[in-house]
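For reference, the structure is listed below as structure tokens.
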Amino acid sequence: MPSRILKKRSLIPGQTSELVLDAPHIAAKAKPGNFVILRVSENGERIPLTIADTDKKAGTITIVYLVLGKTTAQLETLKEGDDILDLCGPLGKDTDIHKYDGPVICVGGGTGIAAMHHIAKGHHMAGNHVIAIIGARTKDLLLFEKELKRFCPEVLVSTDDGSYGHKGLVTEILEARLKADPTIGEVVAVGPVPMMAAVARTTKPFGVKTVVSLNSIMVDGIGMCGACRVSVGGKTQFACVDGPEFDGQLVDFKELSSRLSAFKAMEQISYEEFKKSHVCKCSH
Amino acid sequence: MSANAPTEKKKGKAVPRTAMPEQPASVRVTNFNEVTLGYTPEMALTEANRCIQCKKPLCVKGCPVEINIPGFIKKIVEGDLHESYKVLRETNSLPAVCGRVCPQETQCEGSCIMGKKGEPVAIGRLERFVADTFMASDACEQLTGTHACSLEHEGLKVACIGAGPSSLTVAGYLSSLGIKVHVYEALHELGGVLIYGIPEFRLPKEIVRKEIEAMKAQGVEFHTNWVGGKTITVQDLIDQGFNAVFIGVGAGLPKFLRVPGENLIGVFSANEYLTRVNLGRAYTFPAVDTPAYTGKNVAVFGAGNVAMDAARTAKRLGADRVMIVYRRSEKEMPARLEELHHAKDEGIELMCLNAPVELIGDEKGWLKTLTVQKMMLGEPDESGRCSPIACDGQFCDIPCDMAIIAVGTGSNPLMTNSTPGLELNKWGYITVNEDTGETSIPNVFAGGDIVTGAATVISAMGAGRRAAKEIARRLLG
């Protein structure tokens with residue numbers, strides 16, 4: 001069924017936006033870690049997006065996307081009051097959340113910060129002390145700092161260019177923190193594959209449980225096609241029904257990166273055609 | 001119309017089975033249009049006359065939904081196609097689909113007495129002819145003689161989870177009795193495997209849509225994007241006051257080969273490949289957004305209908321060479337005979353007695369080479385087919401940039417994990433009472449692949465019919 005866009009907020013102009021969608025049946029069931037599959041138009045592709053937040057009372061879910069292909073570019077053309085043609089969920093396993101004595105560190109990079117937000121909130125609701133570590137290339141590209149500050153006692157920031165917070169990588173802050181505090185209960189990482197792989201490498205010597213949320217290519221998202229398969233501890237697992245969260249120490253990130261590039265050339269064709277037709281419409 | 005005279009029937013024995021017109025192989029490999037074109041009225045009449053109207057028809061016993069086969073054929077002979085369609089619809093909610101995809105050679109036609117000495121009556125082709133003539137022209141009018149099939153039992157409602165062949169059968173059967181049926185489908189389109197699995201060239205999607213439209217006219221309500229076990233659970237439906245729930249969520253996760261390299265780029269499960277092409281219409285890319293990668297040298301593992309569909313799809317998408325790699329021999333292939341013939345006509349190579357042992361990629365993770373091992377046939381195994389035995393040291397490397405794995409599916413955990421108290425077998429499929437289709441939870445029924453594991457459209461429909469009969473008996477007495 002179609003789902004109405006109740007609110008749209010541009011987070012990074014032309015690049016990243018947040019949508020609040022009217023989806024009471026999904027909001028009622030959604031838990032941290034879940035995602036939705038959506039389709040924007042009749043000829044559109046099904047794409048997965050992690051749920052960034054839910055409001056069960058209002059019956060809404062929040063999604064955040066980065067414009068990087070045709071579907072997300074088309075999504076960006078929609079306004080408040082428009083409908084998303086197809087939206088289904090909540091999909092994927094819920095985040096495994098329990099109360100720890102020590103803090104839980106949630107690391108987010110790029111658009112992954114929004115996805116991480118829902119998980120961090122879940123840990124907070126369970127009574128955990130949540131430390132958020134978020135990173136971006138530069139200050140203007142940083143998402144959800146304010147949202148995380150609402151419940152995280154500490155929000156630590158890094159930027160590649162040093163325009164805000166620590167100059168460098170999120171893993172540098174993470175490592176320092178792990179060294180300083182042996183009571184860290186768990187580390188969660190959501191973001192680009194190289195970042196998640198780096199987080200797993202960083203936590204390994206400390207033996208801290210490390211959860212990563214994978215963004216593999218999906219078609220149906222309901223446990224039917226096997227497109228989203230990943231190697232975890234040498235075994236094939238399906239991100240849509242066995243995940244999307246897995247033990248970061250066991251994930252074959254190299255294979256995941258490679259599989260994510262499978263349709264690059266064709267995705268490019270779709271996107272270029274869209275940009276051409278879109279520019280065309282504007283100029284007439 | 002002297003065709004129904006007894007003398008004609010006797011003479012019928014000598015008349016050969018009427019061939020089905022089809023697109024020439026060289027033409028059809030360049031398009032996704034339906035391969036078989038259907039009988040003309042003359043052809044249908046000739047073929048219908050071959051039926052000798054057995055007193056105790058074996059064909060009906062061979063049909064999972066017990067169509068009155070001599071009955072509908074007799075009406076063709078009498079020239080009353082309208083009445084013939086009614087006979088079909090009495091027990092079959094999807095006759096235009098079944099006429100195309102049923103394995104008739106092992107069911108109705110496999111039991112046909114005419115086949116003992118010669119060729120069986122082409123029951124499937126006749127079913128298709130009648131169904132296509134009347135399909136969905138006005139379902140209510142066909143069934144009731146009025147334009148609206150009003151609900152007769154306002155208080156009764158039944159929910160189906162999944163909108164594939166088993167659920168559609170339940171919906172069709174119960175709605176024709178005046179019971180309100182709600183169907184919840186996880187995907188954005190209705191039809192289940194008929195939409196995402198079976199290719200356009202074998203079952204045009206327009207046919208499926210029309211059959212579903214007919215059910216809508218009958219009062220069935222469809223809800224897309226509702227994921228059984230996620231958006232809605234069995235308990236939710238019971239709480240909402242449904243009198244019975246039918247679980248028909250279909251096939252689950254694809255099985256893989258467990259050989260090195262099967263996560264390389266270019267290696268697909270048949271489910272993924274077919275879903276991209278059928279549900280996503282990737283064969284019209286970039287007019288649609290869903291892409292499907294096409295290799296030059298394509299290997300398909302498995303030899304069932306799904307393997308044939310995948311192989312023929314790859315051919316149509318421009319592959320130079322498509323090989324069916326199968327551990328046993330052609331004789332053991334489980335595919336429907338017509339599909340195997342069509343595949344061979346279209347230039348699909350059968351590489352029998354070969355098993356894949358490794359998929360090898362380049363430095364970027366793209367599939368480049370397939371290593372197979374020679375096999376030979378041994379003693380029959382528990383499935384009754386000769387078991388393949390590996391020949392020591394006999395390996396062969398084949399250039400291969402795309403591989404499709406079509407070796408079956410497992411159970412889908414979404415529904416079963418979310419339903420406490422639902423009894424499953426050791427493979428994770430739902431256990432049901434064989435006579436009624438009822439699960440371990442009272443008034444919750446199940447049928448199709450989630451009960452049997454991967455099987456045929458018609459067996460799922462048979463299960464749907466069994467459950468629907470029982471539901472109707474309980475609700476209407």
Side-chain angles (χ1 to χ4, degrees), chain A residues 1-3 25-26 28-29 34 37-47 69-71 74 85-93 217 219-231 236 238 240-242 252 254-259 261-263 265-267 269-274, chain B residues 185-189 196-197 223-233 236 249-256 258 262-276 279-282 284-293 361 364-366 405 409-415 417:
Chain A
M1 75 179 61
S3 188
H25 55 296
I26 298 177
K29 300 277 169 106
N34 294 156
I37 293 256
L38 62 80
R39 211 166 68 107
V40 182
S41 65
E42 209 42 70
N43 291 331
E45 187 176 12
R46 297 167 67 88
I47 62 157
K70 180 172 172 183
T71 304
Q74 236 174 335
L85 182 63
D86 294 297
L87 180 75
C88 84
L91 302 170
K93 280 192 175 162
I217 291 176
V219 181
D220 59 272
I222 53 170
M224 196 184 75
C225 86
C228 65
R229 65 193 188 275
V230 287
S231 294
T236 293
F238 301 96
C240 71
V241 291
D242 299 323
D252 183 340
K254 194 175 161 234
E255 182 188 277
L256 175 64
S257 287
S258 151
R259 287 185 61 79
S261 72
F263 291 97
M266 298 182 90
E267 286 160 3
I269 293 172
S270 275
Y271 196 16
E272 293 304 323
E273 295 252 325
F274 174 77
Chain B
E185 165 60 40
L187 294 173
H188 59 262
E189 217 168 311
Y196 75 75
H223 311 267
T224 50
N225 297 315
W226 284 75
V227 185
K230 288 290 185 182
T231 326
I232 199 150
T233 63
D236 292 337
V249 293
L253 292 163
K255 286 184 182 151
F256 286 85
R258 298 193 184 160
E262 66 185 350
N263 290 348
L264 289 166
I265 303 175
V267 185
F268 296 88
S269 76
N271 272 9
E272 178 186 353
Y273 190 61
L274 292 172
T275 302
R276 285 179 177 280
L279 179 71
R281 322 266 191 272
T284 60
F285 181 90
V288 299
D289 303 340
T290 305
Y293 173 66
K364 285 186 174 160
W366 293 73
I405 302 170
T409 54
S411 62
N412 188 317
L414 291 189
M415 196 66 229
N417 281 351

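So you know, we letter chains A, B, ... as the sequences are listed, proteins then strands, and number each from 1.
Looking at A:Gln74, the atoms closer than 4.5 Å to chain B (heavy atoms on both sides) all sit in the side chain, from C-beta outward. Contacts of B:Leu264 with chain A are made by backbone atoms alone, with heavy-atom separations under 4.5 Å and no side-chain atom involved. For A:Ser261, the parts sitting under 4.5 Å from any heavy atom of chain B are the backbone and the side chain alike. Heavy-atom distances place no part of B:Thr409 under 4.5 Å from chain A, backbone and side chain included. Contacts of B:Tyr273 with chain A are absent, with no heavy-atom separation under 4.5 Å from either backbone or side chain. Of the two parts of A:Ile217, only the side chain, counted from C-beta on, holds a non-hydrogen atom closer than 4.5 Å to a non-hydrogen atom of chain B. Proximity to chain B (any heavy atom under 4.5 Å) is shown, for A:Ile47, by neither the backbone nor the side chain. For B:Ala270, no part lies near chain A; criterion is any non-hydrogen pair under 4.5 Å. Looking at A:Ile269, only its side chain comes within 4.5 Å of chain B, counting heavy atoms on both sides. Proximity to chain A is limited to the backbone of B:Ile232, based on heavy atoms less than 4.5 angstrom apart. Contacts of B:Ala292 with chain A are made by backbone atoms alone, with heavy-atom separations under 4.5 Å and no side-chain atom involved. Using a 4.5 Å cut-off between heavy atoms, B:Thr233 contacts chain A through both its backbone and its side chain. Using a 4.5 Å cut-off between heavy atoms, B:Pro254 touches chain A through backbone and side chain atoms alike. Heavy atoms closer than 4.5 Å to chain A are found nowhere in B:Asn417, neither backbone nor side chain. Contacts between B:Leu253 and chain A at a heavy-atom distance below 4.5 Å involve backbone atoms as well as side-chain atoms. The contact between B:Val267 and chain A is made by backbone and side chain atoms together, counting heavy-atom distances below 4.5 Å.
When all heavy atoms of A:Gly226 and B:Phe256 are compared, the pair lying nearest together is O-CZ, 4.3 Å. Between B:Phe285 and A:Ser270, the shortest heavy-atom distance links the atoms CE1-OG, 3.2 Å. The shortest non-hydrogen separation linking B:Asn225 to A:Asp86 is ND2-OD1, 2.8 Å. Here the closest non-hydrogen pair linking A:Lys29 and B:Lys230 is CG-O, 3.6 Å. For A:Cys88 against B:Ala186, the heavy-atom pair with the smallest separation is SG-O, 4.0 Å. Between A:Ser258 and B:Gly365, the shortest heavy-atom contact is OG-CA, 4.0 Å.
Between the B:Asn271 side chain and the A:Met224 main chain, a donor and an acceptor come within less than 3.5 Å of each other.
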Just do the side chain to side chain contact (heavy atoms under 4.5 Å, CB included) check on B:Arg281 and A:Glu42 with the steps written out, would you?
CA-CA 11 Å; B:Arg281 322 266 191 272; A:Glu42 209 42 70; over 6 Å; no
Could you give me the CA-CA distance, side-chain angles and deciding distance for B:Leu187 and A:Ile222, then say whether side chain to side chain contact (heavy atoms under 4.5 Å, CB included) is met?
CA-CA 9 Å; B:Leu187 294 173; A:Ile222 53 170; 4.0 Å; yes
Let me see the working for B:Asn263 and A:Arg259 under side chain to side chain contact (heavy atoms under 4.5 Å, CB included), right down to the final yes or no.
CA-CA 8 Å; B:Asn263 290 348; A:Arg259 287 185 61 79; 4.3 Å; yes
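Rounded to the nearest 0.5 angstrom, B:Thr290 OG1 and A:Asn43 CG are separated by 9.0 Å. Interatomic distance, CD of B:Glu272 versus SG of A:Cys228, reported as 9.0 Å (0.5 Å rounding). Here CH2 of B:Trp226 is found 5.0 Å from NE2 of A:His25. Values are rounded to the nearest 0.5 Å. For the atom pair SG (A:Cys225) and CG (B:Leu279), the distance works out to 10.5 Å, reported to the nearest 0.5 Å.
Two residues are said to be in side-chain contact when any heavy atoms from C-beta on lie closer than 4.5 Å; A:Glu45 and B:Pro291 meet this criterion.
When A:Ile26, A:Leu91, A:Leu87, A:Thr236 are compared by the number of non-hydrogen pairs under 4.5 Å with chain B, A:Leu87 comes out ahead. Chain A forms the most heavy-atom pairs under 4.5 Å with one residue out of B:Gly252, B:Ala251, B:Gly250, and that residue is B:Gly252. With chain B as partner, the option from A:Glu273, A:Glu267, A:Glu255 having the largest number of non-hydrogen pairs under 4.5 angstrom is A:Glu255.
Look at A:Arg46 and B:Asp289 and you find no salt bridge, because none of the NZ, NE, NH1 or NH2 atoms lies under 4.0 Å from a carboxylate O.
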